[in-house]
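Please read the structure below before turning to the comments.
Per chain, numbering begins at 1; letters A, B, ... match sequence-line order.
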Amino acid sequence: MNEKEVHGMLIDYEYCTGCHTCEVACAQEYNWEEGVSGMKVIEIVEKLPNDRYYLVYLPFPTEACSLCIGRVKKGMEPQCVKHCMAKCLEFGPVENLLEKMKGKKRTVLFRPR
Amino acid sequence: MNQEGFHIIRTTTWSAGPGCHGGCGVIAYVKDGKLIKVEGDPDHPWNQGRLCARALAMKQYVYHPKRLKKPLVRKGQRGEGKWEEVSWDFAYDLIEKRMKKIRDEFGPESFIFAMGTGRDIGPWICMLAYAYGSPNVMFALSGNACYSPRIAALDTFQGDYCVFDAGQWFEKRYDDPRFVRPECMIIWGYNIHSTCPDNLFGHWIVDLMKKGTKIIVVDPRLTWFSSRAEIWLRVRPGTDSALALGLLHVIVKEELFDRTFLERWTNAFLLLRTDKNVLLRESDLIPNGKRENFVVWDKNSERVAFWDTEKLEFRPASTTPSFSCEIDLACVDGNTVRCHTVWDAFRKRVMEYDPSTVEKITGVPKEDVIRAARMYAKSKPASIHWGVPIDMTPNVTPLCHAIACLWALTGNLDVPGGNVVARFAFDAVAYALPGAEGIIRLKSKEQDIPRIGREKYGPFQKFIWRCQTDTAFEQIFSEKPYPIKGMWIQTLNPLAGIGMDPKRWREALLKMDFVVGVDLFMTPTLMYADVILPAATFLEKEGIRSWWVPLQSINKALTVDECKSDAEINFELAKRFDPEFRWKSLEELFDEIIKPSGLTYKELKERVWVLPTEGHPSHPYLRHEKGLLRKDRKPGFQTPTGRFELYSVLREEWGYEPLPIHEEPPFTPVSRPDLTKDYPLILSTGRRSPAYFHSEHRMIPWLRSIDPDPVVEVHPNTAKKYGIADGEWVYVENWMGKAKFRAKVTPIVPEWMVMATHGWWFPEKNPEEPELFGVWESNINLLIPMGQHGKDGLGAPIKHLLCKIYRA
Ligand code: SF4
Ligand code: SF4
Ligand code: SF4
């Protein structure tokens with residue numbers, strides 16, 4: 001990995017199902033104590049006009065997320081990305097992710113600490 | 001061994017551990033005999049590298065300080081929690097002695113072998129029960145209301161089960177040219193999170209949606225799926241059969257069905273006599289006619305002709321059957337009877353369910369019923385995935401019938417991207433499952449005669465080889481027609497999980513002379529056992545998985561203390577109970593089970609998974625056309641008429657309604673307005689959690705922190721009405737009992753319903769009576785009765801009771 005490249009996480013929240021895999025994948029890799037994880041999955045029930053609702057889950061990278069720097073150096077994917085049940089997480093240089101973001105609605109680009 | 005000194009084992013998930021019905025390819029990293037981590041196998045076609053939270057939490061499960069690690073024998077009273085650690089030999093000897101004594105005194109059928117939702121326990125518990133000589137294997141849920149009813153129903157109407165197509169039959173999956181993506185899917189009573197339903201991988205549906213599949217959702221809750229649906233049908237729980245009939249109404253009325261399939265592959269052409277509302281038989285019309293053959297009206301000759309169910313041919317062969325007629329025919333008994341066709345009767349039935357009527361019953365706006373029917377019928381191909389709520393209503397079989405008619409009449413049965421016939425890979429079946437006969441079976445048909453519920457309920461004679469649970473439960477108390485003296489309890493926790501009316505389950509356990517429990521953790525239920533045996537997780541065992549496709553091996557990665565696999569435990573005791581027990585080793589038994597695949601167990605272990613290939617009956621598509629479904633290899637389905645049955649011959653013979661119909665469940669605002677006065681809210685239970693499999697995993701810290709408390713979902717307006725704030729503790733109560741939950745105030749549920757989570761007990765609390773791990777505190781089953789199963793012994797009202805709520 002080029003150390004100078006800024007890396008991030010592109011999250012397709014249209015398809016995140018709130019399965020919490022990312023949280024536990026991170027906990028297993030880093031042996032976190034219970035409740036700690038590099039990801040925190042948030043449930044949002046959006047109220048919309050005309051009595052409509054939309055249920056979304058957003059995996060939010062926390063202060064504990066290192067973007068799996070050690071794994072990435074060895075050429076592996078971050079654990080959460082590898083295991084995501086909805087395959088809705090993407091890791092890489094922010095530039096590349098930004099390109100991808102242009103082609104997909106309902107996404108957020110994260111750059112953790 | 002890889003470069004970092006890990007020992008790498010490729011294996012398959014199938015309980016215990018994630019608790020699921022399994023199928024994921026897993027890579028276990030082991031160092032010096034210790035599990036370091038598990039990862040999803042990226043080369044496995046099933047999960048393609050993915051894994052759920054529960055599988056990823058395996059390390060905390062395997063090395064949990066509270067795991068049972070040695071056999072235990074009870075010292076004090078039942079429920080007192082006094083145990084002595086013993087050796088395996090001591091435990092086996094004791095069990096052998098006590099169980100043989102019961103067998104000698106009361107007969108083998110007086111011992112029940114009980115399991116929770118089967119998973120990989122099924123074959124091994126049957127092996128043990130059958131070696132002991134008892135036919136009484138029990139799945140301890142009221143109305144056997146999980147999967148068996150749906151499987152038995154489809155066996156009844158179409159001869160084989162079917163599942164939605166996600167290309168799971170092919171190594172390349174979605175990229176295989178034979179696979180076609182469904183244009184539209186109906187998701188009926190199923191929510192996603194990380195639950196993998198019915199031996200399928202839940203997120204396959206998400207894969208399909210990403211590729212463009214549009215969804216229609218039937219669910220009272222605003223789920224992840226309902227949020228993303230083109231059409232969301234917010235049905236009142238328990239009225240799904242009316243909704244399905246409403247969809248059929250539109251499809252039939254607007255002629256959106258596949259006429260070729262109807263005429264070629266259904267039994268729509270058979271004549272029904274209107275005097276008795278039964279099928280007209282060859283024996284009704286000619287003196288030496290056969291009862292098994294049926295009658296049709298030949299349009300060409302304007303005479304009767306026959307449908308020969310052995311040859312699956314018309315007699316005469318030139319017959320062109322009429323699909324609609326009204327004729328008077330003279331019977332051998334001298335009477336003249338008026339007849340019409342099955343199609344006439346079917347149309348008449350669905351015409352009763354016009355969209356306005358359906359709106360009144362289900363609460364789904366009539367426009368949406370029409371839109372959904374049109375969208376499903378016009379999308380080619382289209383599929384339906386149904387969840388366990390389908391089983392959890394007493395009217396389950398007619399409901400399944402109506403839904404099955406949807407995929408059949410729209411020509412979506414066993415076509416690419418439709419509902420595809422699901423058989424065990426290579427037809428390798430370990431044990432008696434609905435519609436299948438396995439290697440592991442009772443020695444004689446006579447031994448099956450005392451099986452509880454067999455005589456009373458039709459499906460239990462033909463498709464279901466378990467006890468009818470409610471009948472068995474009653475028999476424990478009535479002791480009629482024979483007493484039940486002992487229970488073998490394997491990965492089953494009826495006090496916390498699967499037992500409705502759980503306080504009576506406690507009484508039932510207290511009535512036993514001898515109880516053996518096999519599990520991985522101490523549970524409220526095991527507090528009533530006499531001997532407890534510690535079981536292994538999937539990482540600690542050898543095994544096979546044969547549920548639909550692929551055929552898989554479970555490869556042992558490590559050992560934990562003295563824990564043994566369920567198969568090993570039961571194998572040892574089976575040998576002791578049956579002097580003629582056929583197998584010398586588990587490997588020999590595995591070899592025999594998977595023999596149809598052409599592989600030995602050793603060879604399968606190398607490959608971990610194999611898929612059946614083209615031409616095998618367990619490989620799609622259009623097998624009814626190719627003659628791959630029936631034993632006689634004739635084109636058609638494995639039903640009494642050889643056709644998909646819009647009108648069920650077996651249901652007629654068993655004395656049940658042969659056409660799809662809606663019946664209002666026993667405890668709803670419609671059927672019990674009297675109770676509704678005091679208990680105004682519909683109580684639904686059992687929404688899934690990504691952290692738990694039913695009553696399991698509450699002791700796993702990584703999982704418990706995701707979903708720490710028992711929760712009841714309450715709509716904001718309802719919460720306001722009863723003065724309840726988000727996060728407050730509330731009681732949910734009805735005439736049966738009450739239970740305490742944390743209120744989650746959310747518009748996910750409709751105003752008129754609450755959703756209470758199930759399976760709650762608190763491993764961190766005191767195990768002894770009366771506290772019993774807090775199992776009576778937040779146990780929603782305290783509000784649900786036993787004995788309300790459907791007419792055919794199947795289904796139970798678990799999704800639709802009545803309750804009130806108030807602040808605790
Ligand atoms: S990228 Fe790595 S550290 Fe960050 S949340 Fe995912 S698994 Fe944890
Ligand atoms: S693993 Fe993926 S789908 Fe599951 S909660 Fe995390 S981001 Fe969402
Ligand atoms: S629940 Fe699903 S994802 Fe988890 S191990 Fe079982 S099959 Fe795999």
Measure across A86(A) and V206(B) and return the closest heavy-atom pair with its distance rounded to 0.1 Å.
CB-CG1, 4.1 Å

With a cut-off of under 6.0 Å to the ring centre and 45° to the axis, is R228(B) in cation-pi contact with Y15(A)?
no

Worked verdict on T21(A) versus L51(B) for side-chain contact (heavy atoms from CB on, under 4.5 Å)
CA-CA 7 Å; T21(A) 275; L51(B) 271 188; 5.7 Å; no

Give, for atom SG of C19(A) and atom NE2 of H203(B), the distance between the pair rounded to the nearest 0.5 Å.
4.5 Å

Looking at N191(B), I748(B), I36(B), N47(B), which has the largest count of heavy-atom pairs under 4.5 Å with chain A?
I748(B)

Engaged part of T223(B) at the chain A interface, taking heavy atoms whose separation is under 4.5 Å
backbone

Any side-chain heavy atom of E33(A) sitting closer than 4.5 Å to one from P701(B)?
no

Donor-acceptor contact present, side-chain T17(A) to main-chain I192(B), <3.5 Å
no

N-O pairing of E34(A) and R704(B) below 4.0 Å
no

Counting heavy-atom pairs under 4.5 Å to chain A, which of M58(B), Q60(B), M209(B) comes out on top?
M209(B)

Look only at the side chain of H20(A) and the backbone of I706(B), and say whether a donor-acceptor pair between them is shorter than 3.5 Å.
no

Does a donor on one side chain and an acceptor on the other come within less than 3.5 Å for Q79(A) and E39(B)?
yes

Donor-acceptor pair, distance only, cut-off 3.5 Å: does the side chain of Q28(A) make one with the backbone of K59(B)?
no

With rounding to the nearest 0.5 angstrom, report the CH2 to OG distance, W32(A) to S705(B).
13.5 Å

Would you say that more than 12 heavy atoms from the other residues, nucleotides or ligands in this model lie under 6.0 Å from the NZ of K40(A), or not?
no

Distance-minimising heavy-atom pair for A53(B) and V24(A)
O-CG1, 3.5 Å

Contacts of E14(A) that satisfy salt bridge (Lys or Arg N to Asp or Glu O under 4.0 Å) - sequence neighbours left out
K104(A), R106(A)

Has E95(A) got more than 12 heavy atoms of other residues, nucleotides or ligands less than 6.0 Å from its CD?
no

Note: Y53(A) and S227(B) closest approach over all heavy atoms is O-OG, 4.2 Å

Distance check, rounded to the nearest 0.5 Å: W232(B) atom CH2 versus R52(A) atom CZ?
11.0 Å

Return yes when atom OH of Y30(A) has more than 12 non-hydrogen atoms of other residues, nucleotides or ligands closer than 6.0 Å, and no otherwise.
yes

Cut-off 4.5 Å, heavy atoms of chain B, and the answer for C16(A) is backbone

Does any non-hydrogen side-chain atom of F201(B) lie less than 4.5 Å from one of M85(A)?
yes

Measuring heavy-atom distances to chain B, does V36(A) have an atom under 4.5 Å in its side chain, in its backbone, in both, or in neither?
neither

Given heavy-atom pairs under 4.5 angstrom as the criterion, report whether the side chain, backbone, both or neither of K87(A) touches chain B.
both

